Amino acid sequence: MPHSLLRPGSTPPSPETLARFARIVGPACAISNPDDMTPHLHEWRGRYHGRAALVLKPATVGEVSQIMALAFETRTAIVPQGGNTGLVGGQIPFETGNEVVLSLSRLNNIRAVDPVSNTITAEAGVTLAAAQAAAEAADRMLPLSLAAEGSCQIGGNLATNAGGVSVLAHGNARALTLGLEVVLADGRVWDGLRSLKKDNTGYSLRDIFVGSEGTLGIITAAVLKLGPRPSSQAVAFAGLSSLRDVARLFAMSLQSAGPALTAFELIPRIGLDFVLRHGPNCRDPLALPYPWCALIEISKTHAEGDADAAASAILERAFGEGVIGDAVLANSLSQAREFWKLRELLSEAQKQEGGSVKHDVSVAIANIPAFIERASKAVERLVPGARPVVFGHYGDGNIHYNVSQPLGADTAAFLNRWDEISEAVHAVVLEFDGSISAEHGVGRMKRDLLARIKSPVELDLMRRIKDALDPRGVLNPGKLL
Ligand SMILES: Cc1cc2nc3c(=O)[nH]c(=O)nc-3n(C[C@H](O)[C@H](O)[C@H](O)COP(=O)(O)OP(=O)(O)OC[C@H]3O[C@@H](n4cnc5c(N)ncnc54)[C@H](O)[C@@H]3O)c2cc1C
């Protein structure tokens, strides 16, 4: 077969091609030593372990552009990588060792913070935490927040259209994106770094690149929206007897606080018990073991009034109507952090309880209680004794429907049933017209599922977009589509 017809990544790049790549970034930033490559080849959950021909670390948009032009010319498969915190394997090369990893971590300049337009212009390799800090230094807030924020990067956040804990009030990464700079598959640079809220001049190219998981272009910089920093924040931890009550509490909170309701997170008893057992210095804020807990956060600016008063009013009404059994309102910043820690440690604590089959799904908020009940019945039928640990961003309809292995079960045998369990859970998601990937994306993990849940028309449109923007298939081949 002529080389030009081979699928990128199916054959190793020639030594001459690798040398040309290395010359673009200089020898110190073209890594071929296996030890130095290691951090780029394994992901956080230890599910995917890849190999690569080279890891490239460009420092400028010009270098990224030259790398893509060469990849296009030589049909070399490129795997873009940010902070390597993705949970679906999109940033990890395949096991063949024929792909080149393109790490954006050295493109890490904050180009501008504009407190008048309320925007920040950050390069792809800026960590989310560094972008938040730059906004804060200008007395503004970047309202995107996830537990991986110390490591994940703006480029990765946009490529995955990240969600997190601020979506309820501020939307996901896409909703915060005003402009983008993108290096295309053939090396050309699209400068779409506009700061405009309103711009109806044709197709929104920005929205095509956001959420494209490195399959359509390399995001090198972005203009993101900032908001005012809240002057007061209240965090409450409530215990509830049923999911129906959680639904009522959410409706009450939203009705009462409106856009000031910045988080409404669901925590199940079993998950809280895991955190109390395995987390450092964690304690239950409530006296009794309620089956469900909700973490409620209300944020207000000076002009909007006091967050504590707003939270107290919600809790009083919820007590009065018998919706909550107990609740505590944090009386200090450190207590608020303790409450958040109980939520943030759920995934980590679950690891200590053996194997866990994970799902990141969404359904309409009104359907959450029925979805959880039906999915749990399906899981129990399939694996008696399996322990659903169902938590997440209730206010976004986004549930992390994780299933821990039965007590005393063999971990490997349980994890071998991953596909079977997922199929049962996803079948219930689809009954409710939900999504099998609410915020983590598709990557490698859910690629085959996509073909089963998207209509032929939708898949055809997606493939045409891919063909138009990446005609030689050099960008993250085998991921997403
Ligand atoms: C503890 C923990 C908590 C998490 N919590 C959340 C959460 O609440 N919400 C949520 O949405 N996610 C969450 N995640 C998942 C992950 O943090 C996000 O998907 C994040 O946005 C990935 O950013 P990254 O820089 O690590 O990207 P990577 O993992 O490096 O890459 C992710 C994908 O984006 C592509 N990519 C990376 N950079 C670029 C670029 N510059 N241009 C084009 N493509 C690129 C990669 O090829 C890959 O397909 C969590 C992960 C962990 C480990």
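As the structure lists them, so they are numbered: ligands from 1, and atoms in each ligand from 1. Treat the numbers as computed from the prediction; the structure is a model and nothing was measured.
- For Thr17, the side chain to side chain donor-acceptor pair (under 3.5 Å) test picks out Ser14, with sequence neighbours left out.
- With respect to Arg452 and Asp448, no salt bridge is recorded, no charged nitrogen being found less than 4.0 Å from a carboxylate O.
- Taking the centre and axis of the six-membered ring of Phe94, the NZ or CZ atom of Lys479 falls inside the cone set by 45° and 6.0 Å.
- Put simply, the side chain of Gln81 gets close to the backbone of His40: a donor and an acceptor are under 3.5 Å apart.
- Remark: Arg343 engages Glu265 in a side chain to side chain donor-acceptor pair (under 3.5 Å) (not counting sequence neighbours).
- Residues with a heavy atom under 4.0 Å from ligand 1: Trp44, Pro80, Gln81, Gly82, Gly83, Asn84, Thr85, Gly86, Leu87, Gly90, Gln91, Leu104, Ala124, Leu146, Ala147, Ala148, Cys152, Gln153, Gly155, Gly156, Asn157, Ala159, Thr160, Ala162, Gly163, Gly164, Glu213, Gly214, Gly217, Ile218, Ile219, His393, Glu439, His440, Asn476.
- With sequence neighbours excluded, the residues that form a side chain to side chain donor-acceptor pair (under 3.5 Å) with Lys466 are Asp470.
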